[in-house]
**Student:** 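This is the structure, below, for whatever I ask next.
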Amino acid sequence: MFDSDINVAGEKYECVRCGIVKYFECRGCLPALDLADETINRVARKLGEGAEIQHGSFSSYFYGVARNVFHEHLRRVDRNLAPVEILLPHQHPSVRPFEMHEGRSDQVDLEAKLACLDACTESLPEGTRKMILSYYEGKERARIENRKRLAETLGVPMNSLRIRVHRIREKLEGCLINCLARSVTGLKQNHPHYHS
Amino acid sequence: MKQVEENDDLLTRYLLGDLSEEEQERVEERYISDRGFYDQLLAAEDDLIDSYAEKALTPQQLVSFEKYFLRSPERQNRVAFAEAWMAYVSHQWAAAKAPAAAKKTTDTKRSLFEFLRPAAWPLALRVGAAALLIVVGGWLTFEVFRLRTQVQRAEAQRAALQKQNEDLEQQIYAEKNRSLELAEKLEQERIQPVPPNQVSSEIVSFFLTPGLVRGTGEAKRNVIPASARDVNLQLSFNDEQYERYDVVITNVEGREIWRKDAGKPQSRNGGKTIAVRVPAALFKTNDYIVNVIGTDSSDKVARYAFSVLRK
């Protein structure tokens, strides 16, 4: 469908899938991943039913299907909206005391995040770690000039550097989430009254 | 580069929901089909989130960001990450700069502490330091002993001097008393005329008038006992020329045997009286001439013949 080379086809598929996920995210749809999967499944069904897609317009076809899914989603959300008064007791939005306590202790939360980020950054290869720290060195104009120098040093265009940094950020973000999850797990074990 | 900047601007507006529906669809179709444009969208999203985390958005962007962009929980999580990341990076750079400034001070302190720790010294230096310590310690002990002895000696000298001073003060006090007694006695003798031929065991007084010849012949001689120490001569005369007068005693041959400044005369009974005390040993059984002369002159104001009999 995407390419005769299975590897290239895989990359193109992943690219389109990421684009569709981003589309639903930017449109404020929840959950974006589920809607993206629904879009891909529909396209696959159409192709299975013998639909023909002109070469080079796969992504446009995907986008068209995604728009349909999006509009259907909007209609479904409108139907499912209900006032809080008619919700059953167990459906009421609530705040768990422990989570509320966590929200109040922002400083403790930040310290935990910084500790996790420290561990996550340390786990990066040295060159990668230096690069991302250098990327965020300085403020405003100095930071921009610093990034230009960094791109020159690495011998890549500025846009490529930004993408590299984005990929590292994604890794760090995932690492941070896992690290904090481990911390919360440890906290739960140490707090018998905590109920998840 | 310019194209990248234009795309960034377009993508930022897209992320903030500031594009028309048509513009949005064009952007969406493009990033779904164009991997490079999609990557640029991700980078623009990072920049936008970082700007929000660093409070660098314009007021209009801030409103759009919080109303539109932050609708999804995933984006809220990404903002939370960005805030933590920015805090982490700031902390890292601040920590990297602070130790550089503090390192020099710390190194200096560390080297000083290292130097002050004898265990870190080489063996030769430790032995030398120990020897020096012994020598200096011995010298200091000797100096302390020597200074203590000097202090004790000085204390003894000071006590002796103080005692000597007290003795001298007592002597001075006694001499003053004696001097006062003598002055008082002399004054009394000067005021109270001594009768002629009055004899005491120490002082013999004679009252002489000018021209009066006393003691001519054996029976009229003035007796001066051997026990007499002094002879008090009270001489009367009439003269106003001088303030002070000298008394000169000569023998009959005219040879001066005694002279003294008698000072100012006292007025008495319309005349003047002057008193002198002459050592009794001066006189032998003989005749003498007593002269009263104006001080600093050779003018003889009065002349007395004084015949002595020593017994």
Side-chain angles (χ1 to χ4, degrees), chain A residues 11-12 14-33 56-60 62-64 66-67 109-110 112-118 120-121 132-133 135-140 157-167 169-170 172-174 176-177 180, chain B residues 1 3-5 7-8 11 14-17 19 21 24-47 49-51 54 56 67-75 77-78 80-93 95-97:
Chain A
E11 283 180 13
K12 283 185 177 177
E14 189 57 33
C15 177
V16 169
R17 185 177 177 277
C18 287
I20 291 169
V21 171
K22 181 58 72 180
Y23 164 73
F24 287 115
E25 186 185 300
C26 290
R27 289 286 179 167
C29 301
L30 292 175
L33 278 173
S57 61
F58 283 118
S59 54
S60 298
F62 270 92
Y63 178 57
R67 285 174 62 194
D109 188 39
L110 180 62
K113 284 179 180 174
L114 292 178
C116 281
L117 279 173
D118 201 35
C120 292
T121 310
I132 193 157
L133 289 174
Y135 187 82
Y136 286 99
E137 186 181 0
K139 299 256 179 198
E140 297 169 352
M158 175 60 83
N159 207 38
S160 300
L161 178 63
R162 293 169 74 200
I163 301 302
R164 279 195 198 183
V165 168
H166 174 78
R167 305 264 184 268
R169 274 176 72 131
E170 279 186 328
L172 288 173
E173 193 174 346
L176 176 65
I177 290 166
L180 290 174
Chain B
M1 188 69 181
Q3 184 63 46
V4 172
E5 288 175 2
N7 286 345
D8 274 348
L11 290 167
Y14 168 73
L15 291 167
L16 292 173
L19 297 181
E21 184 61 28
Q24 278 191 67
E25 287 178 357
R26 278 201 295 274
V27 169
E28 287 161 351
E29 194 168 355
R30 187 177 169 191
Y31 70 67
I32 287 174
S33 59
D34 182 349
R35 178 73 197 204
F37 195 65
Y38 172 77
D39 285 341
Q40 202 172 343
L41 172 67
L42 299 179
E45 195 174 28
D46 283 349
D47 289 348
I49 291 171
D50 289 348
S51 297
E54 292 186 308
K67 277 192 173 177
Y68 184 83
F69 185 84
L70 282 182
R71 284 179 304 175
S72 82
E74 286 83 2
R75 285 176 169 177
N77 289 337
R78 236 169 284 160
F81 167 79
E83 286 172 340
W85 175 248
M86 288 301 175
Y88 174 76
V89 170
S90 300
H91 180 76
Q92 287 295 305
W93 283 115
K97 284 176 185 172

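All chains are named by letter (A, B, ...) in the order of the sequence lines, taking the proteins before the strands, and each is independently numbered beginning at 1. Values reported hereafter were calculated over all heavy atoms of this structure, with side chains retained and with hydrogens, waters and symmetry mates removed.
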**Student:** Output the distance between atom SG (A:Cys18) and atom OH (B:Tyr38), rounded to the nearest 0.5 Å.
**Tutor:** 4.0 Å
**Student:** Measuring heavy-atom distances to chain B, does A:Leu133 have an atom under 4.5 Å in its side chain, in its backbone, in both, or in neither?
**Tutor:** both
**Student:** With rounding to the nearest 0.5 angstrom, report the CD to CZ distance, B:Glu45 to A:Arg169.
**Tutor:** 9.5 Å
**Student:** Quick check for you: to the nearest 0.5 Å, what is the distance between A:Lys22 atom NZ and B:Tyr31 atom OH?
**Tutor:**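 Here the interatomic distance stands at 7.5 Å.
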**Student:** Output the option from A:Glu140, A:Arg167, A:Lys139 having the highest count of non-hydrogen pairs under 4.5 Å with chain B.
**Tutor:** A:Arg167
**Student:** What's the verdict on side chain to side chain donor-acceptor pair (under 3.5 Å) for B:Glu29 and A:Ser60, showing C-alpha distance, side-chain angles and the deciding distance?
**Tutor:** CA-CA 6 Å; B:Glu29 194 168 355; A:Ser60 298; 3.0 Å; yes
**Student:** Is B:Glu25 close to chain A through its backbone or its side chain, or both, or neither, when contacts mean heavy atoms under 4.5 Å?
**Tutor:** both
**Student:** May I have the step-by-step check of side-chain contact (heavy atoms from CB on, under 4.5 Å) for B:Trp85 and A:Leu176, ending in yes or no?
**Tutor:** CA-CA 10 Å; B:Trp85 175 248; A:Leu176 176 65; over 6 Å; no
**Student:** Is the shortest side-chain N to carboxylate O distance from A:Glu11 to B:Arg35 below 4.0 Å?
**Tutor:** no
**Student:** What residue in B:Asp47, B:Val27, B:Leu15, B:Asn7 has the most heavy-atom pairs under 4.5 Å with chain A?
**Tutor:** B:Asp47
**Student:** Is chain B contacted by the side chain of A:Cys116, its backbone, both, or neither, given a heavy-atom distance below 4.5 Å?
**Tutor:**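 Contact with chain B: none, neither part.
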**Student:** Show the nearest heavy-atom pair for residues B:Ala87 and A:Leu114, with the distance to one decimal.
**Tutor:**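 Smallest heavy-atom distance, with atoms named: C-CD2, 4.0 Å.
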**Student:** Nearest 0.5 Å, what's the CD1-CG distance between A:Ile177 and B:Asn77?
**Tutor:** 6.0 Å
**Student:** A:Ser59 versus B:Arg30: any side-chain heavy-atom pair under 4.5 Å?
**Tutor:**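 No. Closest side-chain heavy atoms not under 4.5 Å.
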**Student:** For A:Arg17, is it the side chain, the backbone, both or neither that has a heavy atom under 4.5 Å from a heavy atom of chain B?
**Tutor:** neither
**Student:** Report the option among B:Tyr68, B:Trp93, B:Tyr14 that has the most heavy-atom pairs separated by less than 4.5 Å from atoms of chain A.
**Tutor:** B:Trp93
**Student:** Carefully, step by step, assess B:Glu21 and A:Arg67 under the rule salt bridge (Lys or Arg N to Asp or Glu O under 4.0 Å).
**Tutor:** CA-CA 12 Å; B:Glu21 184 61 28; A:Arg67 285 174 62 194; 5.9 Å; no
**Student:** Is there a donor-acceptor pair under 3.5 Å between the side chain of B:Tyr88 and the backbone N or O of A:Thr121?
**Tutor:**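 Side chain of B:Tyr88 to backbone of A:Thr121, a donor-acceptor pair under 3.5 Å: no, none is there.
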**Student:** Which atoms of B:Ala56 come close to chain A, meaning under 4.5 Å heavy atom to heavy atom: side chain ones, backbone ones, both, or neither?
**Tutor:** neither
**Student:** Among B:Arg78, B:Met86, B:Glu74, B:His91, which residue forms the greatest number of heavy-atom pairs with chain A at distances under 4.5 Å?
**Tutor:**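 Of the options given, most contacts go to B:Arg78.
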**Student:** I need the A:Lys113 NZ to B:Phe81 CZ distance, nearest 0.5 Å.
**Tutor:** 10.0 Å
**Student:** On a heavy-atom basis, which atom in B:Arg71 and which in A:Gly28 lie closest, and how many Å separate them?
**Tutor:**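 Result for this residue pair: NH2-N, 3.7 Å.
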**Student:** Picking from B:Asp8, B:Asp39, B:Asp46, what satisfies salt bridge (charged side-chain N to carboxylate O under 4.0 Å, His left out) with A:Arg162?
**Tutor:**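 For A:Arg162, the salt bridge (charged side-chain N to carboxylate O under 4.0 Å, His left out) test succeeds with only one of B:Asp8, B:Asp39, B:Asp46, which is B:Asp8.
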**Student:** Can you tell me how far apart OH (A:Tyr23) and CD1 (B:Ile32) are? Round to the nearest 0.5 Å.
**Tutor:** 7.5 Å
**Student:** Among B:Glu28, B:Gln92, B:Gln24, which residue forms the greatest number of heavy-atom pairs with chain A at distances under 4.5 Å?
**Tutor:** B:Glu28
